[in-house]
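What you see below is based on every heavy atom in this structure, not just the backbone, and it leaves out hydrogens, waters and symmetry mates. Both counts, for ligands and for their atoms, begin at 1 and track the order of listing. Being a predicted model, the structure only gives us computed values, none of them experimental.
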Amino acid sequence: MKTEWLEFSKEVLEAKKNDLPIVALESTIISHGMPYPQNVETAKEVEDIIRKNGAVPATIAIIDGKIKIGLSDDEIEFLAKSDNIEKASRRDLPYLIAGKKNGATTVAATMICAELAGIKVFVTGGIGGVHREAEQTMDISADLQELAKTSVAVVCAGAKSILDIGLTLEYLETYGVPVVGYGTKSLPAFYTRTSPFEVNFSVETPKEAAAMIQTKWALGLEGGVVIANPIPEKDALEEKYITEIIEKALQEAKENNITGKKVTPFLLSRVKELTEGTSLVANIALVKNNAEVGSRMAVELNK
Ligand code: PSU
Ligand code: MN
């Protein structure tokens, strides 16, 4: 059984027994997406938001080779503080699990583990995508392939403009992944509520989102759904400002020959430094907002 590698927290195990709605959360955002101590604070606050909305949070990570579904405060602290936690995507899971190592799961790996654990809704900040100049570098996040095949709904704040948003949408279209705007027709671009691109469909309520997700899977159409939820108005950054900073971070990544799985964390941390922390404040706000929507969706899906 694949489930022999899973280890549920008490809270998540209880939720499963009682058929309560559960929301998965990733851990790359803790170990590689945000600095300490904001990463721990955010991880805990996001869990509380999910509880307040009637669902049970399950933060996912690989610890000592176990797929942990639901983490203790000590485990969150450990992932947040250690500087040698591997960033774990699909390709990394077998090595980390067989070798009894630690890993912080990306969107792709969290989707895999959530599906193994029977969890249908996953809340995060932003998904990986097709990077700019991917026609040269072939840098396309494994998150997109996972969305193509693994049946978990991912609530995020759209795609960051460190990526080529247009190519990311084309890729998702090819693989039949619906990109659904939550209360918006424009695809949000993480720090901003809009982008030059439209979503495929929009829904206005968690119920409407749940109905379409349920229908997709009932039809036997495997794979994920992207629910793109714009950052709250008051937390959004000014488009011109953030675009210039992203351009600068991209230039630096190129000059420093940053490749492979280091690209996204490098860009995130440079953007944070160049905005003097403003981007981090926005990042925290949008994740919390996604937790609100995702937990309400999980409640609807569970009905
Ligand atoms: N985007 C963010 N914050 C993040 C990530 C993406 O705004 O923390 C993380 C997620 O875990 C995502 C991963 O799955 O980066 C994508 O990495 P890559 O581009 O190497 O696939
Ligand atoms: Mn990549």
**Student:** Decide whether Thr110 and Thr105 meet the rule of one side-chain donor and one side-chain acceptor closer than 3.5 Å.
**Tutor:** yes
**Student:** When you measure from atom 16 (C) of ligand 1 to every protein heavy atom, which one gives the shortest distance, and what is it?
**Tutor:**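 Ranking protein heavy atoms by distance from atom 16 (C) of ligand 1, first comes Asp143 OD2, 3.7 Å.
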**Student:** Just to confirm my output: which protein heavy-atom neighbour is closest to atom 15 (O) of ligand 1, and how far is it?
**Tutor:** Thr264 CG2, 3.6 Å
**Student:** Taking only non-hydrogen atoms of His131, do any sit less than 4.0 angstrom from ligand 1?
**Tutor:**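 For ligand 1, residue contact (heavy atoms, under 4.0 Å) with His131 is present.
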**Student:** Output yes when Arg296 and Glu292 qualify as a salt bridge under the 4.0 Å nitrogen-oxygen rule, no when they do not.
**Tutor:** no
**Student:** Considering only the protein, which heavy-atom contact is closest to atom 21 (O) of ligand 1, and what is its distance?
**Tutor:**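 Checking every protein heavy atom, the shortest distance to atom 21 (O) of ligand 1 gives Ser141 OG, 2.6 Å.
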**Student:** Distance to 0.1 Å, residue and atom name: give those for the protein heavy atom nearest to atom 1 (N) of ligand 1.
**Tutor:**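 Sorting protein heavy atoms by distance from atom 1 (N) of ligand 1 puts Gly126 O, 3.5 Å first.
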**Student:** Could you tell me whether Glu244 and Lys240 make a salt bridge, using a distance below 4.0 angstrom between a side-chain N and a carboxylate O?
**Tutor:** yes
**Student:** Which residue and non-hydrogen atom of the protein lie closest to atom 11 (O) of ligand 1, and at what distance in Å?
**Tutor:** Glu26 OE1, 2.6 Å
**Student:** Under 4.0 Å between a Lys/Arg side-chain N and an Asp/Glu carboxylate O for Lys288 and Glu45?
**Tutor:**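 Between Glu45 and Lys288 there is a salt bridge, with a charged N closer than 4.0 Å to a carboxylate O.
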**Student:** Can Glu11 and Arg51 be counted as an ion pair, charged N to O under 4.0 angstrom?
**Tutor:**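 A salt bridge is present here (some side-chain N lies under 4.0 Å from a carboxylate O).
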**Student:** With only distance considered, is Ile127 within less than 3.5 Å of ligand 1 through an N or O on each side?
**Tutor:** no
**Student:** Would you say Lys87 contacts ligand 1, with heavy atoms under 4.0 Å as the rule?
**Tutor:** yes
**Student:** Considering only the protein, which heavy-atom contact is closest to atom 4 (C) of ligand 1, and what is its distance?
**Tutor:** Leu268 CD1, 3.5 Å
**Student:** Assess whether a salt bridge exists between Glu222 and Lys149, defined as any Lys/Arg side-chain N lying under 4.0 Å from an Asp/Glu carboxylate O.
**Tutor:**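 Answer for the salt bridge query: no.
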**Student:** As a test of reading the structure, name the N/O/S atom of Asp139 that is nearest the Mn ion (ligand 2).
**Tutor:**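 Of the nitrogen, oxygen and sulfur atoms in Asp139, the Mn ion (ligand 2) lies nearest to OD1.
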**Student:** Just which atoms of ligand 1 are under 4.0 Å from any heavy atom in Gly33?
**Tutor:** 8 (O)
**Student:** Any side-chain donor paired with an acceptor under 3.5 Å for Thr150 and Glu146?
**Tutor:** yes
**Student:** Got a salt bridge between Lys44 and Glu47, using NZ or NE/NH1/NH2 to carboxylate O under 4.0 Å?
**Tutor:** no
**Student:** To the nearest 0.1 Å, how far is atom 9 (C) of ligand 1 from its closest protein heavy atom, and which atom is that?
**Tutor:** Thr28 CG2, 4.0 Å
**Student:** Would you mind listing which atoms of ligand 1 come within a distance below 4.0 Å of any non-hydrogen atom of Lys160?
**Tutor:**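 Under 4.0 Å from Lys160, ligand 1 has these atoms: 1 (N), 2 (C), 7 (O).
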**Student:** Taking 4.0 angstrom as the limit, do Glu86 and Lys261 come out as a salt bridge?
**Tutor:** yes
